[in-house]
Protein chains: 2
Amino acid sequence: MNKLDKNEFRLTNQRKVILEELKKVKSHPTATEIYDMVRKKMPRISLGTVYRNLELLSNNSIIQKLDFGEAQKRFDGNPTTHYHINCKGCGRVDDVDMPLNQELDELAENATSYKVSSHHVEFSGFCVSCQN
Amino acid sequence: MNKLDKNEFRLTNQRKVILEELKKVKSHPTATEIYDMVRKKMPRISLGTVYRNLELLSNNSIIQKLDFGEAQKRFDGNPTTHYHINCKGCGRVDDVDMPLNQELDELAENATSYKVSSHHVEFSGFCVSCQN
DNA sequence: TAAAAATTAGTAATAATTACCAAATGATAA
DNA sequence: TTATCATTTGGTAATTATTACTAATTTTTA
């Protein structure tokens, strides 16, 4: 039960459409891409509202904010941790549908003096269209 | 043998000091932190020169540019791939001295239609000072 | 229905990074 | 060595993603 369900913040129309549009795609869009998607449904929404809501939704684990070292952050409508792959040719980002390697956290905990809580894996390579 | 050894670009004083100072530390400093370090040796160097050289050195695999989702990128004087851990308390970044899991690339290649070339792992947790 | 709180649109501000350019430096060849 | 030429630098301006601000609007609550 997240803060949305608990009514700790309102499900405004803007917030709803942002969330719907993001959950509709699996392309890990940037804030401006989401802005463009949402504007088709809601032409008067402002970019600031998009940013504000993406921030709030990701802070509350309803979506994920991702960083692949590009200029803009990307967003994922799926809040559960999973691995990603980034094409070195065109930059597209896809999910990698493989089980999380929980053992890695233990190995890292042995190798450091940290209390390890999680890890992220980002693969790089070339997608089908960029393999030539 | 990299482009520096092949004299494809010059080892200017600025470039040399930037590289030396970065290799001296294991703290994964940001561009402005490196700027501050280098300025102690070379007070008239400009921030643009620091950025320009960090970019050139990382493009040529002499150093690494790292991104932990913070505002500023970080740099690592060690160009060989290794895992990192980021403290959720204070933000410090340390190396994780454990072998690369090469098997992950194969698993990802089976799970996607990509030609996978590498992967990065970033652990999160709490460092000794932040464990209370 | 009135008052309080949250949210929005629109715009301005911030901050990291990149671009630009004239002057300086380093490499090269006569 | 010295003249030439490409590279690099310092200083500054521009760019760009993101955040902050604020008055107006919307939603919730009393």
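All values below were derived from every heavy atom in this structure, side-chain atoms included, with hydrogens, water molecules and symmetry-related copies excluded.
- Both A:Asn53 and A:Leu47 sit near DNA chain C, but only A:Asn53 has its closest nucleotide nearer the 5' end.
- Protein chain A touches strand DNA chain C; the 5'-most and 3'-most nucleotides with an atom under 4.0 angstrom of its non-hydrogen atoms are C:dA5 to C:dG10.
- The shortest side-chain heavy-atom distance between B:Glu103 and B:Asp105 does not fall under the 4.5 Å cut-off.
- The shortest distance between the side-chain N/O atoms of A:Arg10 and the OP1/OP2 oxygens of D:dT26 is not below 4.0 Å.
- Atom-to-atom, CD of A:Glu33 to P of D:dA17 comes out at 11 Å; the value is rounded to the nearest Å.
- Taking atom CE on B:Met42 and atom P on D:dG11, their separation rounds to 13 Å, with Å as the unit.
- The phosphate of D:dT9 has neither OP1 nor OP2 within less than 4.0 Å of any side-chain N or O from B:Asn13.
- Put simply, the side chain of A:Asp76 never gets that close to the backbone of A:Gln64: no donor and acceptor are under 3.5 Å apart.
- In this structure, the CD atom of B:Gln72 is 15 Å from the P atom of D:dT18, given to the nearest Å.
- The distance between atom CZ of B:Arg52 and atom C1' of D:dT8, rounded to the nearest whole Å, is 6 Å.
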Query raised in the report: Between A:Lys65 and A:Glu55, is a side chain to side chain contact (heavy atoms under 4.5 Å, CB included) present by the stated rule, with each step listed?
Result: CA-CA 8 Å; A:Lys65 174 150 63 162; A:Glu55 188 66 19; 2.8 Å; yes
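- The side chain of A:Ala31 approaches D:dT18 more closely than any other nucleotide in the set D:dT8, D:dT18, D:dG10.
- Distance CD1 (A:Ile45) to P (D:dT26): 14 Å, rounded to an integer number of Å.
- A:Lys23 and A:Gly77 make their closest contact through NZ-O, 2.8 Å (heavy atoms, listed as atom of the first residue, atom of the second, distance).
- B:Arg74 places no side-chain N or O within donor-acceptor distance of the main-chain N or O of B:Asp67, the cut-off being under 3.5 Å.
- Residue pairs meeting the ring pair (Phe, Tyr, Trp, His ring centres under 6.0 Å) criterion with at least one member in residues 29-68 of chain A, sequence neighbours excluded, are A:Phe68-A:His84.
- One interatomic measurement links the two molecules: NZ of A:Lys65 to C1' of D:dT19, which rounds to 10 Å at whole-angstrom precision.
- Across the interface with DNA chain C, nearest-nucleotide mapping of B:Gly48 and B:Ala71 shows B:Ala71 to be the residue nearer the 5′ end.
- Counting non-hydrogen atoms under 4.0 angstrom, B:Thr49 reaches a base of the nucleic acid.
- Although no hydrogens or angles enter the test, the distance criterion places no donor-acceptor pair under 3.5 Å between the side chain of A:Glu20 and the main chain of A:Val17.
- The CZ atom of A:Arg44 sits 12 Å away from the C1' atom of D:dT25 (whole-angstrom rounding).
- Rounding to whole angstrom units, CG of residue B:Asp67 and P of D:dA17 are separated by 15 Å.
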